[in-house]
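Taking it in order: structure first as structure tokens, then the write-up.
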Amino acid sequence: MATADLLVVIIDVILWRISYYYFPSSFLNITPVCSAIFALLRAARDCSVWFTITFTFDRFVAISCQKLKTKYCTGKTAAVVLAAICILLCFKNIPQFFIFEPREVIDNVPWFCPMKSSYFTESGWVGYDWFDKVLSPLLPFTLILLLNALTVNHILVARRLRKRLRGKKKGENHSDPEMESRRKTVILLLTISGSFLLLWLAYVIEFIKYKMSGKDTRVYNDSEYIFRFVGYMLLNLNCCTNTFIYGVTQSKFREQVKSAVKYPVTTIIQLINKQNN
């Protein structure tokens, strides 16, 4: 998830948006180049979204499906699932490369990436646009809400059952390591899933409004443009938050980050000591 989020920041924010506004004459704005960048950023964004779904499903299985947990919740399974999702999403976003046309041609070089008019009218492109939006983020919205509801319900039922089995009486305060571990997992799960839902909400509202009104996004008024790009800003912000959430909540994640930061320093110190000796 952290890797996918970082790719979104690099490709979408730096290569796509910053280069467009601050370096409009760079090679990044040649039509084939910016078309490839757009296809890559959509693939990275989809991976970020669906890795969040796989994380949510993994926690659901770990907490609610004990029989399936031993088979599914393994490093090998995680690697296979993430690799398969990444490959499928990359293939799904190949058509994104072909939705642009050059705005102008200078010395036989096509420049800039305005969308083709046919993208908004041809049935094939309209169908693909619906498929793209349903796959990310409409379907993820539904899956996250459903999986979180099932997970929380299971934990509440298990908590009541454990209280009865442990003979806990009203007013006593016995610690339960199992429930404390699940509580921390649920806090992490709900934080990541909740931030995803909130930060993608403006984008989803704009898409539904755009589809219901049938209005071409290229003729939006000022307020509609502002709302649309606020939605883009928030969804990109979502791709920055997961790493920080991990850093705050997961001690193992913090340890790995510290090790990565310390490694170059310790390596240099060891080399210096070897040379001195």
Side-chain angles (χ1 to χ4, degrees), residues 4-5 7-8 11-13 16-17 20 31-32 34-57 81-82 84-101 103 112-149 193 195-221 223-239:
D5 293 342
L7 286 174
V8 173
I11 299 173
D12 193 344
V13 178
W16 180 258
R17 303 194 183 278
Y20 177 82
T31 302
C34 59
S35 298
I37 292 174
F38 185 79
L40 289 173
L41 78 84
R42 294 303 295 268
R45 188 188 297 169
D46 285 349
C47 286
S48 175
V49 171
W50 280 94
F51 288 173
T52 304
I53 302 300
T54 56
F55 170 78
T56 306
F57 182 74
V81 170
L82 294 177
I85 289 175
C86 185
I87 292 171
L88 290 174
L89 291 175
C90 286
F91 277 111
K92 170 256 178 186
N93 283 288
I94 289 177
Q96 300 283 356
F97 180 84
F98 301 99
I99 68 176
F100 299 104
E101 60 185 2
R103 180 182 299 169
F112 304 110
C113 285
M115 283 188 174
K116 297 177 180 178
S117 300
S118 59
Y119 181 78
F120 300 94
T121 57
E122 289 186 4
S123 57
W125 282 120
V126 172
Y128 176 78
D129 188 49
W130 266 108
F131 172 72
D132 179 56
K133 296 303 188 299
V134 168
L135 195 65
S136 175
L138 299 182
L139 180 59
F141 257 61
T142 306
L143 291 175
I144 284 181
L145 289 173
L146 176 63
L147 292 172
N148 280 346
S193 302
S195 66
F196 171 82
L197 293 173
L198 288 174
L199 295 174
W200 277 83
L201 186 60
Y203 179 83
V204 172
I205 292 174
E206 189 274 332
F207 169 73
I208 294 174
K209 179 181 179 297
Y210 149 66
K211 284 300 182 183
M212 291 181 64
S213 65
K215 190 174 183 180
D216 193 330
T217 57
R218 295 173 296 179
V219 295
Y220 273 6
N221 59 37
S223 60
E224 289 171 330
Y225 263 115
I226 291 172
F227 187 81
R228 185 186 188 197
F229 282 96
V230 166
Y232 284 130
M233 180 188 70
L234 291 177
L235 70 86
N236 284 328
L237 180 62
N238 173 73
C239 297

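Reckoned from all heavy atoms, side chains included, excluding hydrogens, waters and symmetry mates. The model shown is predicted, which means the values in this text are computed figures rather than measured ones.
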Before giving the answer on side-chain contact (heavy atoms from CB on, under 4.5 Å), spell out for Phe229 and Glu206 the whole-Å C-alpha distance, their side-chain angles and the decisive distance to 0.1 Å.
-> CA-CA 10 Å; Phe229 282 96; Glu206 189 274 332; over 6 Å; no

Going through the distances and angles, do Lys209 and Glu224 end up as a salt bridge (Lys or Arg N to Asp or Glu O under 4.0 Å)?
-> CA-CA 10 Å; Lys209 179 181 179 297; Glu224 289 171 330; 3.0 Å; yes

Start with the C-alpha gap between Ile144 and Ile53, add the side-chain angles, then the distance that decides, and say whether side-chain contact (heavy atoms from CB on, under 4.5 Å) holds.
-> CA-CA 7 Å; Ile144 284 181; Ile53 302 300; 3.4 Å; yes

Stepwise side-chain contact (heavy atoms from CB on, under 4.5 Å) check, Leu138 with Phe207 = CA-CA 10 Å; Leu138 299 182; Phe207 169 73; 3.9 Å; yes

Decide yes or no on side-chain contact (heavy atoms from CB on, under 4.5 Å) for Leu197 and Leu145, but give the supporting numbers first.
-> CA-CA 9 Å; Leu197 293 173; Leu145 289 173; 3.5 Å; yes

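One finds the CG atom of Leu40 at 7.5 Å from the SG atom of Cys90 (value rounded to the nearest 0.5 Å). In this structure, Asp12 CG and Ile37 CD1 are separated by 10.5 Å, a value rounded to the nearest 0.5 Å. Distance CZ/Phe141 to CG/Leu201: 5.5 Å, rounded to 0.5 Å. Rounded to the nearest 0.5 Å, atoms CG (Leu147) and CZ (Phe55) are 12.0 Å apart.
Thr31 places no side-chain N or O within 3.5 Å of a backbone atom of Cys113 that could act as its donor or acceptor partner. The backbone N or O of Phe98 lies less than 3.5 Å from a partner atom in the side chain of Lys116, making a donor-acceptor pair. Checking side-chain atoms of Ser48 against main-chain N and O of Ala44 turns up no donor-acceptor pair under 3.5 Å. Side-chain atoms of Asn93 come within 3.5 Å of backbone atoms of Leu89 as a donor-acceptor pair (strictly under, hydrogens ignored). A donor-acceptor distance shorter than 3.5 angstrom exists from the side chain of Trp50 to the backbone of Leu135, with no hydrogens or angles considered.
Closest heavy-atom contact between Val49 and Pro140: CG1-CG, 3.5 Å. Closest heavy-atom contact between Glu101 and Ser117: OE2-N, 4.4 Å. Counting all heavy atoms, side chain and backbone alike, Arg17 lies closest to Arg45 at NH2-NH2, 4.3 Å. Between Pro137 and Trp200, the closest heavy-atom pair is CG-CE3, 3.4 Å.
Phe51 places a side-chain heavy atom less than 4.5 Å from the side chain of Thr54. Side-chain contact between Val81 and Phe57 is absent, with no heavy-atom pair separated by less than 4.5 Å. Cys34 places a side-chain heavy atom less than 4.5 Å from the side chain of Trp16.
Note on ring orientation: taking the six-membered ring where Trp is involved, the planes of Tyr128 and Trp125 are perpendicular (angle over 60°, cut-offs 30° and 60°).
Ion pairing between a basic and an acidic side chain is recognised when a charged N comes within 4.0 Å of a carboxylate O; Asp46 and Arg42 show no such pairing.
Taking the six-membered ring wherever Trp is involved, the centroid distance between the rings of Tyr232 and Tyr203 falls below 6.0 Å.
A distance below 2.5 Å between sulfur gamma atoms is not met by Cys86 and Cys47.
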